[in-house]
Every structure is written in structure tokens, then in C-alpha cells.
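Structure first, then comments.
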Amino acid sequence: MTNHEKTSVSRRTFVKGSALAGLGAAAMGTASLFGCAPAAESTGELADTGEAVADTIVWTHCAVNCGSCCALQCHVQDGEIKYVESDNTGSAELGEPQLRACLRGRSIRRWLQSPDRLNKPLKRVGKRGEGKFEEISWEEALDTIASEMKRIRETYGDEAMTSHYSSGVCQGQVQANPVKRLLNLTGGFLNYYGSYSSAHISAAGTYTYGGGTYGSSFLTIQPGQLVVLFGDSPADTRMGGGGHTHDFAYIRETTDCRVITIDPRMTDTTCGQGGEWIPIRPGTDGALCAALAYEIINNGWADEEFLHTYCVGYDEETLPESAKGKNASYKDYILGTGPDATPKTPAWAAAITLIPEQRIIDLAREMHESDPVYIGQGYGPQRRANGEITARAIMVLPQLLGQIGKPGMNDGRREGCASVGLGMLPTGENPVTTNIPTFEWPNAILHGEELTALNAGVQGADKMSSSIKFIWNYAGNCLTNQHSDINLTHDILADESLVEFIVTSEVFMTDSAKYSDIIIPDLTSQEQISISSDGYSDNMIAVIFGAPVYEPKFERRGIYEVCADLAERLGVGDEFTEGKTREDWLREIYDEARTANAEKGMDMPTWDEGYAMGVWKMKPEPIVKLADFVEDPVANALPTPSGKIEIYSETLAGFEATWELAEDEVVTALPIYDPGFLGYEACTEEYPLQITGFHYKAHTHSSYANNEVIQTAAQHVAWVNPVDAEARGIKDGDTIRVFNDCGEIRIEAKVTPRVIPGNVSIPQGMWHDADMAGDRVDHGGCINTLTKYRPTPLAKANPQHSNIGQIAKA
Ligand SMILES: Nc1nc2c(c(=O)[nH]1)N[C@H]1C(S)=C(S)[C@@H](COP(=O)(O)OP(=O)(O)OC[C@H]3O[C@@H](n4cnc5c(=O)[nH]c(N)nc54)[C@H](O)[C@@H]3O)O[C@H]1N2
Ligand SMILES: Nc1nc2c(c(=O)[nH]1)N[C@H]1C(S)=C(S)[C@@H](COP(=O)(O)OP(=O)(O)OC[C@H]3O[C@@H](n4cnc5c(=O)[nH]c(N)nc54)[C@H](O)[C@@H]3O)O[C@H]1N2
Ligand code: SF4
Ligand SMILES: [Mo]
């Protein structure tokens, strides 16, 4: 009997039955019996009869883009999930981590089995965005999509076709790609690069280290050392057992390291877990870093040997020829001997960051005295108007201290993670080479032909040749809810003369789905055969072998099969499937990874063995990033133009000279402090507050945000400091208006000193809920009603955390 077929007993019966309990205890840690481990984490109601309840336990996984990919064991009866357990295999005491799900994954049955699920294909009958649809047959839906794909491609060309950014199916080895495969086989599509997640830090990593977003593992942290995290909260954003929450909690317990988080909010990583919170005014990390650098340099703590061996541009000596003789070094900038003639003293930074001068002086000393020191950042500081330059500014600190390449050190990027390296359904080659920054898509709808390499970061071509006319939106809510300035985007998408056809594959009627011409109801990952691998963890490499929890219901169909049908209609049926089913592809993808990993000495189970186990895990070696480079910087030169770490980037100096930038857009060779547009300096009497989003435990973006049961544990509220609340007569629990020149939302206020005065923090991902033909006031509290649509200077990415506005009691 495999774990996929096993009949289990309810917890109540289990605890009663001593023979079984003994078996459960003995079974801990053994692969073949782990389905019988005590169901201590199980959730949901159990039958109250004391009788054994026959359920089928089906292993599957959570698939939303929190990235943790936790294991779920669904207890299914009569085609319905009754309750959900998570990973209870292996022994935590023996240091065998478990892919345990958070509150979202554990309540998945309420999401999968929600009466609000989409069940049939829908055709728009009202105006675009009005939300009026009627049910149609699959035949009609597929015929319409195929003929519109054909018509629009023939009329406007291949570049007018696009597949929209989306992340609703994370690590869907097959699901994530059929649309792109179909588009490529029929002529190609306008592609995008970068993401809403990390486009800025990834640009920063490219120009500093030659690529990459991730640094060293938390698991390399040494006893008693200092850990400094800028806008990074594993307890909030890596919540699953397979994610960094576990790694970080484990390393904190075992090393007694000292953790400082620098954030406008006191996050769950500090609250309840100890350490220190240094509140910072949003968007000013660059100023803090400059003042820390000032202290480090002035006190003689800069590791000149490291800087001279491994870095470009710290001082005159290490500047490239093109920059010499202009006082253009980083040291000149910091000490005030550069063009701006301003020493970046702690007093200077205190006025900008709101961090007391003495705390900055002490922090520099603490960083110097801790050897090693781990300095890292999340994606919060970078998801801003000045995000690229801020991410680079943070990366300089470990470079100055020579704290790179050894255990316990980090290069200033996000904590590293291990991966089993599962492939994906091949998309094939895209005949269209034009590639735009993800966030540029509304500009590419409005005036595609005007977007160029120099004004919009177009890659693969000097300019776009047409505007977007067809959008495939698979498993994403980034047309409106997750994109910026919903009121503006509404006007763009509602205009049927711009984009002529939008098709969405969804599981719910989301705000984005409302802008579709056809909506098709998908099966979720849990409703199909699906494998998933480790998500953002250091402590394990894992694969979850997921089986369908129940037979497909209503008229929902999987995207692979849907795209295969469309391919047939478009005359590329055989090329699309290559005669393979979804399961065939999955087996192939898995076998390829297994073979590749076997060469590296990893012993992965066969597909069939995996399916008998449900989950397979292995402990990897923690990553010490750039260890090779530090060991031998010549033999292991970095993929930067100089082969070294570039504090000064000649490439960026070139962009500064050639790119078309507005007056308040800064692209510079050095990681200076730039307040960016919509920083605190942009605040006015009318809009005196900063408004910053964050990724919240009640949902993953907008996924699960409609699962009301989670909100009883983690409410949808805006964090307001008591100083700001009192000045406006706002009390905890009051409904408030939050507004600016983009729009207005209504949300409950949580009055708390856990957020810095002058800033309101609002969880991103709540469902937009406004009368778009009326007052447009968003009663759902979606922060993207308030975010401006304006791409950042370098990565042309989303500045979604940079906002100003005002609040008032509703
Ligand atoms: N629970 C949950 N987990 C998630 C997600 C989710 O939606 N919910 N989403 C997943 C995805 S796709 C991603 S990309 C990641 C996102 O992970 P992150 O981008 O790291 O998450 P954020 O919450 O945007 O930002 C992290 C922290 O930065 C802080 N911050 C904001 N602005 C600044 C600033 O200017 N300076 C400093 N120092 N801090 C600042 C925020 O208050 C927040 O506490 O999370 C993933 N995990
Ligand atoms: N203001 C602000 N906006 C942000 C952010 C921020 O920090 N602040 N963060 C940004 C980031 S980092 C990201 S990654 C994006 C994420 O934005 P999205 O990628 O849009 O993520 P979700 O909101 O989770 O939307 C995923 C959608 O997929 C659907 N879905 C789930 N499972 C399935 C399935 O099996 N099949 C199909 N067809 N659909 C499915 C869900 O119902 C949901 O509507 O948001 C970005 N938006
Ligand atoms: S939302 Fe993330 S942490 Fe929670 S169960 Fe799903 S994958 Fe795991
Ligand atoms: Mo993301």
C-alpha cells in the first residue's frame, strides 16, 4: 500500500489505539510508514464518533508563490478533502526538517472547495472590466481563443502577442509553461524579463557581482556573531517548514547569534523571536549605509587589502582609467571629497533615516567588531523608486569590511537557498527576440512602438515594433490587483481598442479576471498529478510527489490539456504534445533531474518509489557565496566586465551618459544615496505620510486572501503609529480612509508602535473591491489602488513600496 492509497485513522482513534500509537512512534523517521506518524499538526474537524474513519491520504503540495512549496497530506473522503495534515515525516529532534505548511496551506480545503470557484468557461457580455459574464461551452471558448490568437497575430504581428507575468502556480513544472509553449509554436510572443519580486536587486546583483539575487545560507552563521537584515523577515515571507523560517529559527537557537532587523515595521522576525529592531524611515537605507561606511572608513576599519584585491572603485587607485582624476571614487563620495562635497556623517544620515546618530555610530562599531558579520537584505528596500541603488548600497557594507566568502559572512544579497533543480516543460524557442521589463507592459499597450532600449530598457531589439494587442493571463492577478495604480490600469484595459483580446485561466473570479474576454476554469496543482521541489530553504533539498486529491469537478480542465486542444486548432497539435501526456512530461522532467543529480552523488528515488513515499528529502551543504572567488579571484573571476566586485560600475556610467532619464531619475556608477521619486522628500502638506506595503501572513499576494478563515488569525489591517493616529483622532479598530492622487481605500486601522511614525504599512494582496463606474473607492483595501505607475530608472521595475498619502477616520 502506498501513502497515496493508505487508509488512515482519525487522530482521536489513533490516540486511543495503543498498538497503533506504538507503531506511529516506531515509524518516525522511516520513509515507508511516515503516514502513520501522530497527526499532531492536523487541522480541520475530525469525526466525533470515536470510530475509525476511512480516509484516503493524498500527498500533494501548496503551490502559491510564497515559494515554500510545503507538503500537504489531504485526508479525502467521498471526493472531498475533510482535513489537511502537513509533513510529519522525519524527526525534528534528529535535525531532519519537515516541509510543514503554514496557516494558508493548512486551510487549503476551504480554498479548493470554496463555492466561489470557477466551474465553467465564461464569456464577457458587459463592458470590459464590468464583471458581466455568461457561461459558454468549452467548444465555444476554445474556438474563440484560437481564432482571436490567429486574427490578432495576422493583423498586428507576433510582437503584439504576450503572456502576462503571473506567479499563481509556483514551480508548476508543467502548468507554468504550456501557454508560452503554445505561443512559441505559433509564431512567438513579446517576452518580459525581471519580476515584480526582485527586478531591482537582480539588476543590482548584475552590476555589482555579475548576476544573482542570492548570497550565503543562514546555516553558515557562527556562534554569537552579528546578523544584520535590511527589510528581510523570514518569519513573514518564508513561513513554511521548507522555507527559511525554519533555518533561521534553528540557527538562532543553536548559535545564539544577535539579530538586528532594519525595517519601517517591527516584523515577526523580531517580535516574538528577540533581537533588535532599528526602525528606519522607508526608502532611506542608502543614507544609513553611507553613514556606516563613513564610520568604517574614518575609523580605519575598512579592509583595504580586500578592497584592493577584489573590488573596483573603492578609492582612486582602484577606479577604472575612464574615471580617474575626477574624485569619482566611493571613498570620495563618502568622505565629502567628491562632487557633492558632503561628508556622509552619522548626523547627516540621522536627519534622513530618523535613526539616532549614536545608534548609527554604534552599529558601525558592532559590524566591525563581529567577525564574521552576516549582512543581508530582503526585497523590501529594493521594491521602491530608488530600489536598484539602495540594493547596491547595502551590498557595499560587507565589501568594505571584507566580510565575504567565508562561513557566517554574506555579500549583502538575499539569503541563499538550495535546490534540487527540477526542469520545466520546455517552452521551445521564441521567434520574437524583443524582451521588455515586466513592469513596462502598460506602456507597451499604450505606445509600444515608442519603447526603446534607451527609454524603457527594451532588450533583444533596439525598439518595440508594435503595441500589445493580445494578453494570455494564466494564474495571475497582475493585470490589476497586483500591478500598480488600479484606477489607471482599469482605464487602459477597459479600452477595447487598445488590447483587443484578453484570456484568463483562473480558479476564482479575481479583479484581473474581470478584464478578460474569456475566462477558463483551471484545475489546481492539487487537483492534478504534480511534483514540486524545495522552496527557499537551506536545510533541505526535497521533492513532493503530488497526486490528484479528487477527480476533476464541474467543467474545470488542466491548462496543459487546454493548450493541447488549442494547438490542435492552430495546426500544431503534434508539435505541442510530442505525443506526451502531462504525466509523461512530468516523468521525463523528474528523470532528467534524477540523472543529473546522480552524477553529483545524490541518490534520488525513482518516480515510482517517490510516489510510494509522498515526499523525499535530503540535507544539502550550506552555501558560502563567493568562496571560490575569494579563494582565487583570478581563476574564479566574477562575470562582471572587470572580473571583480564593482563598487564603481563603468557599465552604469555608460547608461548614465546615454539613457533617456527624467530629472529625478538617477542611474550612477556609484551606489550613492538617492531619495528617488516618491520618497519622504516628496511628502506634502496634503499627503504627509509614506505608505509602504508588505507581504503578509494572511495571504500570498492575493491568493488565499479570499479565505476568510485565515483572517480570524491574521486580520486585514493597516498599521498606523499612535502618533499619527492620535493626531487624526483615529483609534485602534477604526475604519480609515487612505488616499492620495491615485485613489482611495478603506481599511481597518491597527494602531501600533510596531511601525515608524510618518509611515503607514499596509499588507499587499487584498482584493480590490470598488464601483469602477461610480466613486472608485476601494472597500477591499488593495494597496495597488494607491501605488503609482512609474517604472524605476535602472531596472524599469515596480516602485510599489514608494507611496505618499494621507489617512483619516472614515
Ligand atoms: N506570507 C507571505 N509570504 C510571502 C509572500 C506573501 O505574499 N505572503 N510573497 C512571496 C514573494 S513572491 C516574494 S517576492 C517575497 C517578498 O519578500 P520581501 O519583498 O522581502 O517582502 P516585503 O514584505 O515586501 O519586504 C520585506 C520587508 O521590507 C520592509 N521594507 C519596506 N520598505 C523598506 C525600506 O525602505 N527599507 C527597509 N529597510 N525595509 C523596508 C517591509 O516592511 C518588510 O518587512 O515574499 C514571498 N513570501
Ligand atoms: N503593492 C504591491 N504590489 C505587489 C507586491 C508588493 O509588494 N506590493 N508584490 C509583487 C510581487 S513580489 C508579486 S510576485 C506579485 C504576485 O502577483 P500574482 O502573480 O498575480 O500573484 P497572486 O496575487 O497570488 O495571483 C495568483 C493568481 O493565480 C490564481 N491561481 C492559483 N492557483 C491556480 C491554478 O492552479 N491555476 C490557475 N489558472 N490559477 C491559479 C489565484 O487565484 C490568483 O488569482 O505581486 C506584486 N504586487
Ligand atoms: S503559503 Fe507558503 S508557507 Fe504556507 S503552506 Fe503554502 S507554500 Fe507553505
Ligand atoms: Mo514576488
Side-chain angles (χ1 to χ4, degrees), residues 61-72 86 99-106 108 111 165-170 172 175 195-198 229-233 236-243 245 261-265 267 269 278 280-285 288 377-384 386-387 390 394 414 474-479 481-484 504-508 510-513 520-528 535-536 558-559 692-706 755 761-765 782-784 786-787 798 800-803:
H61 59 89
C62 184
V64 295
N65 179 26
C66 106
S68 289
C69 296
C70 300
L72 304 173
S86 187
L99 286 149
R100 292 196 202 181
C102 79
L103 71 174
R104 290 160 292 183
R106 281 161 196 265
I108 199 167
W111 192 67
Y165 172 92
S166 73
S167 73
V169 174
C170 184
Q175 292 107 292
S195 65
Y196 285 82
S197 312
S198 55
L229 298 179
F230 289 81
D232 187 5
S233 177
D236 286 284
T237 61
R238 301 287 190 239
M239 287 175 74
T245 300
T261 56
I262 299 169
D263 201 300
R265 276 185 327 128
T267 63
T269 297
I278 300 184
I280 187 167
R281 177 186 260 157
T284 65
D285 301 71
L288 170 62
Q377 62 182 306
Y379 300 155
Q382 58 102 56
R383 201 177 292 105
R384 311 194 73 96
N386 58 357
T390 301
I394 296 169
R414 188 157 200 159
Y474 170 71
N477 201 358
C478 274
L479 285 176
N481 215 86
Q482 295 308 109
H483 178 69
S484 294
T504 290
S505 161
E506 250 299 343
V507 291
F508 286 101
T510 61
D511 198 63
S512 293
I520 47 176
D522 202 14
L523 291 170
T524 66
S525 302
Q526 300 78 24
E527 292 163 344
Q528 306 175 76
Y536 300 127
I559 193 71
T692 308
F694 65 96
H695 292 225
Y696 186 43
K697 60 192 160 195
H699 34 92
T700 301
H701 313 294
S702 69
S703 293
Y704 295 138
N706 54 338
V755 63
S761 277
I762 299 180
Q764 64 94 6
C782 178
I783 191 173
N784 284 321
L786 305 169
T787 53
N798 46 331
Q800 282 169 304
H801 284 347
S802 291
N803 309 289

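No hydrogens, no waters, no symmetry mates; every other heavy atom, side chains included, goes into these values. For ligands, and for the atoms within them, numbers begin at 1 and follow the listed sequence.
Between Ser702 and ligand 2, at least one pair of N/O atoms sits closer than 3.5 Å. Residue contacts with ligand 1: Ser233 is placed with no nitrogen or oxygen under 3.5 Å of a nitrogen or oxygen of the ligand (distance criterion only).
Taking 4.0 Å as the cut-off, Pro282 counts as a neighbour of ligand 1 on heavy-atom distance. Residue contact check for ligand 1: Gln382 places no non-hydrogen atom closer than 4.0 Å to it. The shortest heavy-atom distance from Gln377 to ligand 1 is not under 4.0 Å. The closest approach between a heavy atom of Val507 and any atom of ligand 2 is below 4.0 Å.
Residue Cys70 holds the heavy atom nearest to atom 8 (Fe) of ligand 3 of all those in Cys102, Cys70, Gly240.
Counting heavy atoms under 4.0 Å from ligand 1, residue Asp285 touches it through the side chain alone. Contacts of Trp111 with ligand 2, taken as heavy-atom pairs under 4.0 Å, involve the side chain alone. Contacts between Cys69 and ligand 3, counted as non-hydrogen atom pairs separated by less than 4.0 Å, involve the backbone only. Counting heavy atoms under 4.0 Å from ligand 1, residue Asn65 touches it through both backbone and side chain. Contacts of Val64 with ligand 3, taken as heavy-atom pairs under 4.0 Å, involve the side chain alone.
Not one N, O or S atom of Cys62 sits under 2.8 Å from atom 2 (Fe) of ligand 3.
Aromatic ring pairs are classed by plane angle as parallel below 30°, tilted from 30° to 60° and perpendicular above 60°; the pair Phe508 and Trp111 is tilted.
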